[in-house]
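What's counted below: heavy atoms across the whole structure, side chains too, no hydrogens, waters or symmetry copies. In each ligand, atom 1 is the first atom listed, and ligand 1 is the first ligand listed.
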Amino acid sequence: MHYQPQHDLLQNRIILVTGATDGIGKEAAVTYARHGAHLVLLGRNDEKLHQVAQHIHQQGYPLPHCVVLDMATATRADCDAVAQQVETLVPRLDGVLHNAGILGDVVPMAEQEESRWLEVMQVNVNATFFLTQALLSLLLKSDSGSLIFTTSSVGRQGRADWGAYAVSKFATEGMMQVLAEEYKQHNLRVNCINPGGTRTKMRASAFPTEDADKLKTPKDIMPVYLWLMGDDSRRKTGMSVDAQPGRKPGIAE
Ligand code: NDP
């Protein structure tokens, strides 16, 4: 995507990023801070969260708030508690990037194990939904809120062996579409980003033999993350946007 964001695109915006400790989420947090945002970082590992927060602060940006939540076990009540904690830290949320996700097992449907299936659905769908529900009132306090989910090409077109992950991303697309319709008349837009094959630990575990040098890095795909989070996408809602338009799904060639 060719997008030239204003340097101060996210000035005075307060943004929460899930899965902010690694890969695309970490890069998005750093990028949003660079464009003026105040951040709330959410992750399951307190130490990694504080390392990312310090990294951002050392570059001269405000110290992000850190909130610990293990989405693999999070209930609706846990997500409510997180929202209450966030409310004590910030007056509103102008954006939420739902980025945290897990891959599960890349095996045929007949071999999907119950516990792994449930874990993928819990992290990618259930906890993501409970957190969304809990954070909605903070998002609706913004004059221009942006709620972004993370999808995948296998969340639009099923592919053999992508099992629980693919199904969870179809659910993510559905969740986005329902919410986008429900909040059409409010100052809240709801969209999905499909990062496309990107050089992270999740990608390496999905395609262990792939030459990672042929993949875009998280930094390369940030323009669409900025565009959807900033006011240039105001009133765009219900969309599923590719961070790498035209890229064919599958192994990098
Ligand atoms: P990574 O595995 O590099 O990072 C995933 C992030 O999610 C990490 O911060 C991780 O935390 C966090 N996370 C995992 N489990 C939990 C949990 N139980 N509770 C809280 N946080 C958790 O993945 P990517 O950066 O590659 O992926 C980011 C998103 O992009 C995902 O939704 C993925 O499905 C999607 N995506 C990625 C593609 C790619 O090619 N990379 C392609 C298409 C979609 P921790 O640091 O503790 O492990």
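Considering only non-hydrogen protein atoms, atom 41 (N) of ligand 1 sits nearest to Thr200 OG1, 3.1 Å. In this structure, atom 20 (C) of ligand 1 lies nearest to the protein heavy atom Leu69 O, 3.5 Å. Among all protein heavy atoms, the one lying closest to atom 34 (O) of ligand 1 is Tyr165 OH, 2.6 Å. Looking only at protein heavy atoms, the nearest one to atom 2 (O) of ligand 1 is Lys201 NZ, 3.2 Å. Gly196 O, 4.1 Å is the protein heavy atom nearest to atom 38 (C) of ligand 1. Among all non-hydrogen protein atoms, the one lying nearest atom 10 (C) of ligand 1 is Thr21 OG1, 4.0 Å. The shortest contact between atom 12 (C) of ligand 1 and any protein heavy atom is with Gly19 CA, 3.7 Å. Protein heavy atom in closest approach to atom 21 (N) of ligand 1: Ala100 CB, 3.9 Å.
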| request: Determine, step by step, whether Arg234 and Ser146 satisfy the side chain to side chain donor-acceptor pair (under 3.5 Å) criterion, reporting the C-alpha distance in whole Å, the side-chain angles of both residues, the deciding distance to 0.1 Å, and the verdict. | output: CA-CA 8 Å; Arg234 217 171 169 133; Ser146 178; over 6 Å; no

| request: Using the side chain to side chain donor-acceptor pair (under 3.5 Å) rule, take Gln59 and His55 through it: C-alpha gap first, then chi angles, then the decisive distance, then the call. | output: CA-CA 7 Å; Gln59 293 182 45; His55 171 69; 2.9 Å; yes

| For Asp22 and Lys48, what are the C-alpha separation, side-chain angles and deciding distance, and is it a salt bridge (charged side-chain N to carboxylate O under 4.0 Å, His left out)? | CA-CA 8 Å; Asp22 217 323; Lys48 277 177 91 172; 3.1 Å; yes

| request: Report the C-alpha distance between Asp242 and Arg156 in whole Å, list the side-chain angles of each, state the deciding distance to 0.1 Å, and finish with yes or no for salt bridge (charged side-chain N to carboxylate O under 4.0 Å, His left out). | output: CA-CA 12 Å; Asp242 288 329; Arg156 298 168 179 165; 2.7 Å; yes

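Residue contacts with ligand 1 do not include Pro218, since none of its heavy atoms lies under 4.0 Å from the ligand. Remark: distances from the non-hydrogen atoms of Lys169 to ligand 1 include one below 4.0 Å. Judged by the shortest distance from any of its heavy atoms, Thr73 lies outside the 4.0 Å radius around the atoms of ligand 1. Assignment of Asn124 to the shell around ligand 1 is not supported, since no heavy atom sits closer than 4.0 Å.
By the 3.5 Å distance cut-off applied to N or O atoms, Ile24 is counted among the residues near ligand 1.
Considering only heavy atoms from C-beta on, Leu138 comes within 4.5 Å of Glu87 through its side chain.
Heavy-atom contacts of Asp70 reach the following atoms of ligand 1: 17 (C), 18 (N), 19 (N) (cutoff under 4.0 Å). Below 4.0 Å from some heavy atom of Asn99 lie the following atoms of ligand 1, by number and element: 28 (C), 29 (C), 31 (C), 32 (O). Ligand-side atoms of ligand 1 in range of Arg203: 40 (O), 41 (N), range being under 4.0 angstrom from any heavy atom. The atoms of ligand 1 that sit less than 4.0 Å from any heavy atom of Gly23 are 3 (O), 25 (O). Taking a cut-off of under 4.0 Å to the non-hydrogen atoms of Thr151, the atoms of ligand 1 that pass are 43 (C), 44 (C). Taking every heavy atom of Gly197 and a limit of under 4.0 angstrom, the matching atoms of ligand 1 come to 40 (O).
Among Met202, Met71, Glu47, the residue whose heavy atom lies nearest to atom 17 (C) of ligand 1 is Met71. The option with the heavy atom closest to atom 30 (O) of ligand 1, from among Leu131, Leu215, Thr150, is Thr150. Across Gly101, Gly43, Pro249, heavy-atom proximity to atom 5 (C) of ligand 1 is greatest for Gly101. Atom 47 (O) of ligand 1 has its nearest heavy-atom neighbour, among Gln122, Arg44, Lys216, in Arg44.
Leu10 and Val40 fall into different hydrophobic clusters, where Ile, Leu, Val, Met, Phe, Trp and Tyr side chains are chained together by heavy-atom contacts under 4.5 Å. Leu147 is not connected to Ile15 by any chain of hydrophobic side-chain contacts under 4.5 Å among Ile, Leu, Val, Met, Phe, Trp and Tyr, and they are in different clusters. Clustering ILVMFWY residues whenever any of their side-chain heavy atoms sit less than 4.5 angstrom apart, transitively, puts Met175 in the very cluster that holds Val120. By the rule that hydrophobic residues join a cluster once side-chain heavy atoms approach within less than 4.5 Å of another member, Met202 and Val167 end up as members of separate clusters. Each of Phe129 and Met121 belongs to its own hydrophobic cluster when Ile, Leu, Val, Met, Phe, Trp and Tyr are linked at side-chain heavy-atom distances under 4.5 angstrom.
Ionic pairing of Arg13 and Asp8 is not present here: no N-O contact between side-chain nitrogen and carboxylate oxygen is shorter than 4.0 angstrom.
At a 4.0 Å heavy-atom cut-off, ligand 1 touches Asp22 through backbone and side chain alike. For Leu103, no heavy-atom contact with ligand 1 is shorter than 4.0 Å. With a heavy-atom cut-off of 4.0 Å, Lys48 touches ligand 1 through its side chain alone. By the criterion of a heavy-atom distance under 4.0 Å, the side chain of Ile102, and not its backbone, is placed next to ligand 1. Of the heavy atoms in Leu42, none comes closer than 4.0 Å to ligand 1.
Other residues, nucleotides and ligands contribute at most 12 non-hydrogen atoms within 6.0 Å of the CD atom of Gln185. In this structure, Gln11 places its CD atom where more than 12 heavy-atom neighbours from other residues, nucleotides or ligands lie under 6.0 Å away. Heavy atoms of other residues, nucleotides or ligands lying less than 6.0 angstrom from CD of Gln85 number more than 12.
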Result block: side-chain N/O donor-acceptor pairs under 3.5 angstrom for residues 95-107, not counting sequence neighbours:
from, atom 1, to, atom 2, distance (Å)
His98, NE2, Thr132, OG1, 2.8
Asn99, ND2, Thr18, O, 3.1
Asn99, ND2, Gly19, O, 3.0
Asp105, OD1, Arg116, NE, 3.1
Asp105, OD1, Arg116, NH2, 3.2
Asp105, OD2, Arg116, NE, 3.4

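Between Leu16 and the options Leu139, Asp94, Leu93, a side-chain contact (heavy atoms from CB on, under 4.5 Å) holds for only Leu93.
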